[in-house]
2 protein chains.
Amino acid sequence: MSPTELAPDRIRKGERTRTRILEAAADVLARKGYAAATLTEIASVAKMQAGSLYYHFDSKDAIVEEVLAVGMEHARDAIRAALNAAGEDASGHDRLMAAVVAYVTAITLDSDFTKANIRCFEESPEATRENLAVPLREFANGWVRLIEAGQRDGSLRSDVEARVIARMTIAAMNSVVGWWRFDGEFNIDHVARMFARTVVDGLAIHG
Amino acid sequence: MSPTELAPDRIRKGERTRTRILEAAADVLARKGYAAATLTEIASVAKMQAGSLYYHFDSKDAIVEEVLAVGMEHARDAIRAALNAAGEDASGHDRLMAAVVAYVTAITLDSDFTKANIRCFEESPEATRENLAVPLREFANGWVRLIEAGQRDGSLRSDVEARVIARMTIAAMNSVVGWWRFDGEFNIDHVARMFARTVVDGLAIHG
DNA sequence: GTCTATAATTGGATAGAC
DNA sequence: GTCTATCCAATTATAGAC
């Protein structure tokens with residue numbers, strides 16, 4: 001907190017504009033995908049001109065990268081909260097179930113950041129994907145650890161490879177953002193529970 | 001068969017070039033995605049110049065559309081063959097299991113056309129997706145019917161919505177092309193059976 | 001049928017006024 | 001901080017020679 005820093009409300013103003021741009025970018029990226037998302041449209045949604053974006057960001061890819069990173073954080077936070085609610089001593093099966101329901105709910109009902117991340121990560125340039133490799137791997141590893149914990153405590157079947165099933169589960173959950181609509185036929189909580197019942201109970205040891 | 005048609009070997013020659021272009025396009029589309037696949041690179045792989053493509057096709061999107069359509073046909077054929085082999089009187093559970101193994105195998109080991117379809121369909125222009133809406137819906141409906149048949153004959157659980165689980169299953173299977181490598185850690189037949197065990201046995205009625 | 005050359009368009013990025 | 005004007009690179013598509 002040095003005396004040379006800007007006045008508090010001036011910081012907030014600059015931050016607000018930056019946030020407005022990121023929200024606009026998340027909206028456009030989620031709807032159009034990486035390549036079709038133009039700076040002109042992002043600026044338009046943010047109610048400014050394309051050139052003005054460069055005062056706040058160095059490049060299109062810098063904007064995209066931050067949107068995707070925020071999307072991953074949102075998802076991670078939602079899962080963490082659900083796992084804390086479930087408790088450390090719940091079975092691996094029950095914790096995986098809770099994580100699936102939380103994640104599916106988060107990516108459909110929450111901000112556009114998670115949707116943008118899911119839709120655009122694979123389409124984005126290699127440099128962007130490399131910069132996000134650490135949080136992405138951490139995200140994937142979280143699912144692997146959940147499954148492995150269930151295999152260890154005997155609540156999930158052990159004759160499948162946790163790393164493979166984790167990838168499969170993530171893809172299955174992510175697909176929901178491609179077709180689910182808020183005003184559609186299915187209640188998202190209903191969808192999330194069907195997923196959990198199929199994938200998680202498919203892993204369950206029945207007895 | 002009018003007398004004005006071209007000589008047979010001339011037809012074959014023209015067809016071969018056309019096929020070479022489609023194969024080159026499938027290769028590039030599968031590796032780079034829709035937007036990053038340039039006509040220059042497609043032409044280069046097909047050993048010709050970009051301008052020459054226009055003798056055989058009207059536009060980039062015409063090429064893309066045909067590649068994606070062929071990809072869907074390949075996948076459909078692989079599934080059909082497996083279902084025929086399983087037989088009409090196999091249980092819904094066993095037929096779904098056979099279809100999953102066949103499809104996962106097809107999209108990883110077969111031509112680039114299926115991979116291009118899986119990677120590029122969502123990124124492709126709206127007009128392209130609309131033109132392919134009928135075969136796509138037919139593909140999805142095939143999985144729904146497989147699941148519903150199993151629910152009717154009592155071999156699959158009925159407390160989930162077949163349309164939702166079909167979409168989930170398709171996405172889970174498609175995700176394999178994103179990470180599986182021929183020379184990687186996992187045998188694809190092994191992966192396919194793990195998927196079938198998890199998703200299909202997750203739907204199974206245990207007793 | 002294929003090539004070379006080029007038109008036409010688009011979209012990311014920069015410069016300078018205000 | 002934002003705008004307007006403009007540059008520059010890339011890419012689809014066309015024209016005409018061979």
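Below, chains carry the letters A, B, ... as their sequence lines are ordered, and counting in each starts from 1. We use all heavy atoms of the structure for the numbers below, so side chains are in, but hydrogens, waters and symmetry mates are not.
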Under a 3.5 Å distance rule, please check whether Q151(A) uses its side chain to pair with a backbone N or O of V160(A) as donor and acceptor.
yes

Taking [atom1] from [X] and [atom2] from [N], how many angstroms apart are they, rounded to a whole number?
X	N	atom1	atom2	value
Y55(B)	dA15(D)	OH	P	17 Å
I42(B)	dA13(D)	CD1	P	11 Å
E41(A)	dG12(C)	CD	P	11 Å
F57(B)	dT2(C)	CZ	P	12 Å
L53(A)	dG11(C)	CG	P	15 Å
Y34(A)	dG11(C)	OH	P	13 Å
K47(B)	dT2(C)	NZ	P	14 Å
H56(B)	dA13(D)	NE2	P	16 Å

How is A62(B) classified with respect to the nucleic acid when contacts are heavy atoms under 4.0 Å: base, sugar-phosphate, or nothing?
nothing

Quick one: is [X] getting a side-chain N or O under 4.0 Å of the [N] phosphate, OP1 or OP2?
X	N	answer
T38(A)	dG11(C)	no
S52(A)	dC3(D)	yes
Y54(B)	dA13(D)	yes

Within the structure provided, determine whether M48(B) and L53(B) are in side-chain contact (heavy-atom separation under 4.5 Å).
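Yes, their side chains come closer than 4.5 Å.
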
From [options], nucleotide with atom closest to [X] side chain:
X	options	answer
S59(A)	dC3(C), dT2(D), dA13(C)	dA13(C)
M48(B)	dT2(D), dC3(C), dA13(C)	dC3(C)
K60(A)	dT2(C), dT2(D), dA13(C)	dA13(C)
Q49(A)	dT4(D), dG12(C), dG1(D)	dT4(D)
L39(A)	dT12(D), dG12(C), dT2(C)	dG12(C)

Determine the interplanar angle of the Y103(A) and W143(A) rings, folded into 0 to 90°, and report it as parallel if under 30°, tilted if 30 to 60°, perpendicular if over 60°.
perpendicular

Do S111(B) and H74(B) meet the criterion of a side-chain donor-acceptor pair at a distance under 3.5 Å?
yes

Would you kindly check if the NZ (Lys) or CZ (Arg) of K60(A) is within the cone defined by 45 degrees around the ring axis of Y34(A) and under 6.0 Å from the six-membered ring centre?
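Positive - K60(A) is close enough to the ring of Y34(A) and near enough to its axis.
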
